[in-house]
Amino acid sequence: MHLKLAMGKNAIFTLLTMLYLLIYVVSLNSSTNEYALLAFKSQISDPNKILAKNWSQETSFCNWIGITCGRRHRRVRGLRLTNMGLRGTIAKEIGELSFLRSLIISNNNFQGYIPVEVGNLNQLREIEMQYYELNGSIPSSFGFLVNLQKLNLSGNILNGDIPNKIFNVSSLIDIGLGNNSLSGSLSSDICTNLPKLKKLRISENQITSNIPPSLGTCSNLELLSLSFNNFAGNIPMEIGNLSKLQTLYLGSNNLIGTIPNELGNLPSLVELDLSFNGLSGSIPYEIGNLSTLQGLYMSSLILTGTIPNSISSLSNLEALLVGNNSLHGQIPQSIFNLSMLQALSFAKNNISGNFPLSIANGLPDLELLYFDINRLSGEIPDWISNCSKLIILELSHNLFSGHVPINLGNLQDLQRLNLGANLLTNDPSMLELDFLPSLTNCRYLEKLWIGENFFDGMLPKALGNFSTFLQEFDVNDCGIKGMITSGIGNMRNLVWLGMGGNEFTREIPDTLSQLRMLQMLELDDNNLHGSIPDNLCNLVNLYHLVLENNQLSQKLPTCLGDLTSLRKLYLANNSLTSTIPSTLWTNKEIQIIDLSYNFLNGSQVPEIGNMFRMRELYLSGN
């Protein structure tokens, strides 16, 4: 009996000892967690006083803002401090939070290195440290985080090679390293140990070498972003094996060769961007198989051939941007039946033919339409005026003829309209350019270019009712007659006014002096006469003034020298008299002055020798 009692006492003693040790260990770990958090706090500034008011030793750290603890052991499992404006460095003591699973401290202002001690946190599931100014290299110790599923270090200034050990962490699902300064190359067997990988984002770095064909074995990959790097070589046809891929960004690299037909085998693809590479050849017909595609970007390549009709089958397409190539032939008319389109560009190609005169379903969501610098002909169709969401309409440098649609004013969201350098005319039975008044309904219009056409009429008086947002107005070289309407002075936010190469008569209107934002004024090659108004000197931001080849007379305004922003002054081939005012030589920054072929007289002043920025000075023919 005494033996049993002794054994019972020993068991109780052992149990108590173990319980004490457990309490001691929990207390020790708890103390370590608190110490690590306070060390983290000590190395950052907290301008919004969020942590200063909350992270106090008077309360349990498990109740601190941004901290999540385990229910049983009361040790830190989650550290989430996003968008708090925190500044400073990341303390190495963070590596002592041994039970940490989530380290999310993104969208703050941390600097310095990532502590290698983070690699000790073998229970980590996710790391988010994006949009900081972290520098140095990615610690190779991250390769020991065997449970890591998400790693996001995007938007820092990290450099050096990507540690290959990271690509051995088989639990990784999401890798985000974009927008850094990382260099080196991708491992040739990058997907061998990443069976679960769904997202790989390494865009906007300095990665070189070829794209590894082994990427085709990442069978669960949904997003692959390698754009804005220095990848070279061909696009591996093995990428066509990625049946779950939804987003493929390869733009802005040094890729060459042709576009693989195998890209048409990606049944889930939503976005495909190959722009700004050295890819050549034709657009694969198989691209038309991508029935889920919403965005197709192939701008600034070396593509040749014609536009495949198969693109017309992409009924979900919202953006089709294939500008700046060498495509020729006609536009498949059925492309204009892709009713989901929001952006359409075939600018800077050699495309010919006409727009369809009518389209079946319209383009109700179209916002951007770029067909400039091609060889398109025929009339501008009226259906464009029904694209009520249109913001940018670029049709310049083509062979469009006929009249400008008179109902373009229906495009009330229009911000930019460029019809320049075509063969457009206006209704000859109208004295004024009949299409311009309707554009006063475009209340957000910022840029209007209609120069280099064959209009034969006057500017309407309604010009003064144009949008106050208007910054650029170009009617150069398009045969406009009559006087410059005084209402133009109401366009008070104009930065560039181009009216050269027309048949304007009478005097320069005084109301031009109201355009206080104006930087460029071109009235050359007209029949303007009278004097140069003194109040043009009110245009204090004027950089470029062109009045040459007119019939302007009388004296040069003495105040021209007060235009301290003026860099280029062209007054040649007029009938200006008087001496050159000495004030003109007070602007030491002016670069070009052309006063040739006038009736100016007198001698030159020594101050000309102080014009150190002057590149060109023309005084002949006086």
**Message:** Within the structure provided, determine whether Leu327 and Thr304 are in side-chain contact (heavy-atom separation under 4.5 Å).
**Reply:** no
**Prompt:** Hey, does Leu263 have a side-chain heavy atom less than 4.5 Å from the side chain of Asn265?
**Reply:** no
**Request:** Using a cut-off of 6.0 Å, state whether more than 12 heavy atoms not belonging to Phe336 lie near its atom CZ.
**Result:** yes
**Prompt:** Could Lys199 and Glu222 be called an ion pair, given the rule that one side-chain N must be under 4.0 Å from one carboxylate O?
**Reply:** no
**Message:** Treating Asn108 as the side-chain partner and Leu81 as the backbone partner, does any N or O pair qualify as donor plus acceptor under 3.5 Å?
**Reply:** yes
**Message:** How about CE on Met517, more than 12 heavy atoms from neighbouring residues, nucleotides or ligands closer than 6.0 Å, or not?
**Reply:** no
**Request:** Kindly indicate, with the supporting measurements, whether the criterion side-chain contact (heavy atoms from CB on, under 4.5 Å) is fulfilled by Tyr131 and Asn156.
**Result:** CA-CA 6 Å; Tyr131 307 117; Asn156 286 287; over 6 Å; no
**Spacing of CG belonging to Leu177 relative to CG belonging to Asn152, to within rounding of 0.5 Å** = 8.0 Å
**Complete:** Correct closest heavy-atom pair for Pro364 and Ser339 would be CD-O, 3.7 Å
**Asked** Any chance the side chains of Trp496 and Gln471 put a donor and an acceptor closer than 3.5 Å?
**Response** no
**Asked** Taking NZ, NE, NH1 and NH2 as the nitrogens, is one of them in Asp413 or Arg443 under 4.0 Å from a carboxylate oxygen of the other?
**Response** no
**Message:** Between Phe228 and Tyr249, is the ring centroid distance below 6.0 Å?
**Reply:** no
**Request:** Give a yes or no on whether a salt bridge exists between Lys150 and Glu128, defined as a side-chain N under 4.0 angstrom from a carboxylate O.
**Result:** yes
**Asked** For the residue pair Phe469 and Tyr444, does the interplanar ring angle fall in the parallel (under 30°), tilted (30 to 60°) or perpendicular (over 60°) class?
**Response** tilted
**Request:** Output the distance between atom OG1 (Thr208) and atom CG (Asn253), rounded to the nearest 0.5 Å.
**Result:** 10.5 Å
**Message:** Looking at Ser227, is its backbone amide N or carbonyl O close enough to the side chain of Asn229 to form a donor-acceptor pair, meaning the two atoms are under 3.5 Å apart?
**Reply:** yes
**Check: Gln123 main-chain N/O paired with Arg125 side-chain donor or acceptor under 3.5 Å** = yes
**Message:** Donor-acceptor check, side chain of Thr292 to backbone of Leu269, threshold 3.5 angstrom: yes or no?
**Reply:** yes
**Request:** For the residue pair Ile384 and Leu369, establish whether any side-chain heavy-atom pair is separated by less than 4.5 Å.
**Result:** yes
**Check: Glu271/Thr247 side-chain N/O donor and acceptor closer than 3.5 Å** = no
**Prompt:** So, for Thr258 and Gly281, which heavy atoms are closest and what is the spacing to 0.1 Å?
**Reply:** CG2-CA, 4.4 Å
**Prompt:** If only atom types and distance count, is the side chain of Asn193 paired as donor or acceptor with the main-chain N or O of Asn168 below 3.5 Å?
**Reply:** no
**Request:** State, yes or no, whether a side-chain contact exists between Phe435 and Phe455 at a heavy-atom distance under 4.5 Å.
**Result:** yes
**Item:** Asn426 vs Val404 side-chain heavy atoms within contact, under 4.5 Å
**Value:** no
**Prompt:** Rounded to the nearest 0.5 Å, what separation is found between the CD1 atom of Ile351 and the CG atom of Asn325?
**Reply:** 9.0 Å
**Prompt:** Do Leu134 and Phe110 come within less than 4.5 Å of each other through their side chains, counting heavy atoms only?
**Reply:** yes
**Asked** Are a donor atom and an acceptor atom from the side chains of Asn465 and Thr440 found within less than 3.5 Å of each other?
**Response** no
**Prompt:** Are the side chain of Asn48 and the backbone N or O of Met84 linked by a donor-acceptor pair below 3.5 Å?
**Reply:** yes
**Message:** Other residues, nucleotides and ligands only: do more than 12 of their heavy atoms fall within 6.0 Å of CG on Leu357?
**Reply:** no
**Message:** Side chains of Asn398 and Asn374 only: does a donor on one sit below 3.5 Å from an acceptor on the other?
**Reply:** no
**Residues Leu124, Leu100; criterion side-chain contact (heavy atoms from CB on, under 4.5 Å); working and verdict** = CA-CA 6 Å; Leu124 267 179; Leu100 195 65; 4.1 Å; yes
**Complete:** Closest non-hydrogen atoms of Leu314 and Leu290, given as atom of the first, atom of the second and distance, are CD2-O, 3.1 Å
**Message:** Quick test of your reading of the model: are Lys348 and Glu394 salt-bridged, counting only N-O distances below 4.0 Å?
**Reply:** no
**Asked** Stepwise, does the side-chain contact (heavy atoms from CB on, under 4.5 Å) test hold for Asp273 with Leu250?
**Response** CA-CA 6 Å; Asp273 185 1; Leu250 302 178; over 6 Å; no
**Asked** Would you say the side chain of Ile166 lies within less than 4.5 Å of the side chain of Leu148, judging by non-hydrogen atoms?
**Response** no
**Request:** Tell me, with the steps shown, if Leu419 and Trp449 meet side-chain contact (heavy atoms from CB on, under 4.5 Å).
**Result:** CA-CA 6 Å; Leu419 305 178; Trp449 300 307; over 6 Å; no
**Item:** Expected output: side-chain Asn422 to main-chain Ser401 donor-acceptor under 3.5 Å
**Value:** no
**Heavy-atom pair with the smallest gap, counting every atom of Asp189 and Ser214** = CA-OG, 3.8 Å
**Request:** Any chance you could measure Leu368, atom CG, to Ser345, atom OG, to the nearest 0.5 Å?
**Result:** 9.0 Å
**Item:** Nearest-0.5 Å distance that lies between atom CZ in Phe144 and atom NZ in Lys165
**Value:** 4.0 Å
**Asked** How about Ile380 and Leu395: do any of their side-chain heavy atoms sit closer than 4.5 Å?
**Response** yes
**Test side-chain hydrogen bond (donor to acceptor under 3.5 Å, both in side chains) applied to Asp174 and Arg201, Lys198, Gln149, the passing residue** = Arg201
**Asked** So, Glu367 and Gln342: side-chain donor and acceptor under 3.5 Å apart, yes or no?
**Response** no
**Fill in**
Separation between OG (Ser171) and CD1 (Ile173), nearest 0.5 Å, reads 7.5 Å
**Message:** Please check this pair: side chain of Asn349 against backbone of Val322, looking for a donor-acceptor N/O pair closer than 3.5 Å.
**Reply:** yes
**Asked** In terms of side-chain heavy atoms, does Asn205 have a donor or acceptor partner in Ser183 at a distance below 3.5 Å?
**Response** no
**Message:** Taking Ser396's backbone N and O only, do any of them form a donor-acceptor pair with Asn418's side chain (distance below 3.5 Å, no angle check)?
**Reply:** no
**Request:** Mind listing the closest non-hydrogen atom pair of Pro381 and Pro356 along with its distance?
**Result:** CB-O, 3.6 Å
**Request:** Determine the sole option in Leu448, Leu445, Val495 for which the side chain to side chain contact (heavy atoms under 4.5 Å, CB included) test with Phe473 is passed.
**Result:** Leu448
**Message:** Is it true that Asn324 and Ser300 share a donor-acceptor pair across their side chains at a distance under 3.5 Å?
**Reply:** yes
**Complete:** Smallest heavy-atom separation, Ile406 atom then Asp434 atom, equals CG1-O, 3.7 Å
**Message:** For Leu293, is there any backbone N or O sitting under 3.5 Å from a side-chain donor or acceptor partner on Asn316?
**Reply:** no
**Request:** Give a yes-or-no answer on whether the side chains of Lys244 and Asn220 include a donor-acceptor pair shorter than 3.5 Å.
**Result:** yes
